[in-house]
Amino acid sequence: LLAAILASGKIANLWKSLTDRAGIALVFLGTALVVAGLFDRAGLITVLGAYLVGIALSQSDISQGLREKAVSIYGILIPALFFMIGMMIPVKCLTPDVLLAGLGLAALVGGARFVITGLVALPTGFNALGAARIGTAMIPRGDVALLILGVGLIEKILPVELAGVGLVMVAATALAGLLLANLAIG
């Protein structure tokens, strides 16, 4: 991590020389993939390498601009991650019990995200409607859960049935959150 933080200044300077939004996004993605590949070759968890690139670059002076430019990559990679994790779970594991447990977990997680983020928004100056919109927008956030599911499945420390529960939870919160967000905004 220290080496990544030390190198972040040089990487930031490279990115500052780029003016094309797509170019910056590609360099960001390429850097994350190269470091992830190095972690994989060293026998470490691949996603940890990409995560460390993100942490290191968050310390640089271009982090805000990078966040704005990474949105397009995020919109592509999260569905791809969802697809890849879904492909690791056999359909026969999605029994009625797994589906019911996943939906129950989705209700708990979605409700907790709504309440907690909505309550946190109130003291920052949002009114009740604004806080409800923020809480609703946080319901579909399942990217971290997908990463945990992926690592658990790849490392064979998570039974596929339990991963199925997690996948149903992520899918249900994503769908419910999008529907509720449309109602809250519209």
Side-chain angles (χ1 to χ4, degrees), residues 1 25 28-29 31-33 35-37 39-40 43-58 63 66-121 131-185:
L1 179 59
F28 171 69
L29 178 61
T31 304
L33 290 175
V35 174
F39 268 63
D40 185 56
L44 301 169
I45 298 172
T46 308
V47 74
L48 185 59
Y51 179 72
L52 289 178
V53 169
I55 289 175
L57 292 173
S58 72
S63 62
L66 186 57
R67 277 188 205 100
E68 293 168 5
K69 296 189 177 33
V71 169
S72 58
I73 294 173
Y74 181 85
I76 294 169
L77 292 183
I78 293 301
L81 179 64
F82 196 98
F83 178 77
M84 290 183 332
I85 302 300
M87 293 295 292
M88 291 182 194
I89 301 171
V91 175
K92 66 181 178 181
C93 291
L94 298 176
T95 64
D97 289 342
V98 167
L99 294 173
L100 187 60
L103 291 173
L105 187 59
L108 289 172
V109 168
R113 286 180 186 155
F114 176 81
V115 170
I116 291 169
T117 55
L119 288 175
V120 168
R133 286 179 175 160
I134 289 171
T136 302
M138 290 306 292
I139 292 173
R141 301 293 304 212
D143 42 356
V144 173
L146 285 175
L147 290 174
I148 293 169
L149 287 173
V151 170
L153 286 168
I154 290 168
E155 297 297 320
K156 298 183 180 7
I157 56 175
L158 186 66
V160 290
E161 292 81 10
L162 192 54
V165 170
L167 189 64
V168 170
M169 182 270 303
V170 170
T173 56
L175 293 174
L178 292 174
L179 292 173
L180 291 170
N182 283 336
L183 290 174
I185 294 171

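FYI, the numbering just counts along the sequence from 1.
Atoms CG and CD, on L94 and E161 in that order, are 9.5 Å from each other to the nearest 0.5 Å. Rounded to the nearest 0.5 Å, atoms CG (L178) and OG1 (T173) are 9.0 Å apart. Rounding to the nearest 0.5 Å places CD1 of I85 at 6.0 Å from CG of L146. The CE atom of M169 sits 7.0 Å away from the CG atom of L149 when rounded to the nearest 0.5 Å.
The minimum heavy-atom distance between A163 and L153, with the atom names listed, is CB-CD2, 3.7 Å. Looking at every heavy atom in both residues, P159 comes nearest to I157 through CD-O, 4.0 Å. Taking all atoms of both residues into account, the shortest heavy-atom contact from M138 to R113 is O-CD, 3.2 Å. Here the closest non-hydrogen pair linking A174 and P140 is CA-CB, 3.6 Å. A pairwise comparison of heavy atoms in A145 and V170 identifies CB-CG2, 3.7 Å as the closest pair. Across G118 and A131, no two heavy atoms sit closer than the pair O-CB, 3.3 Å.
With a 4.5 Å cut-off on side-chain heavy atoms, V98 and L162 do not count as touching. Contact check for V160 versus P90: side-chain heavy atoms found under the 4.5 Å cut-off. A heavy-atom distance below 4.5 Å is found between the side chains of I154 and M88.
Under the side-chain contact (heavy atoms from CB on, under 4.5 Å) test applied with F114, the options I134, V109, I139 reduce to a single match, I139.
For L99, the CG atom counts as densely surrounded, since its 6.0 Å shell holds more than 12 non-hydrogen atoms of other residues, nucleotides or ligands.
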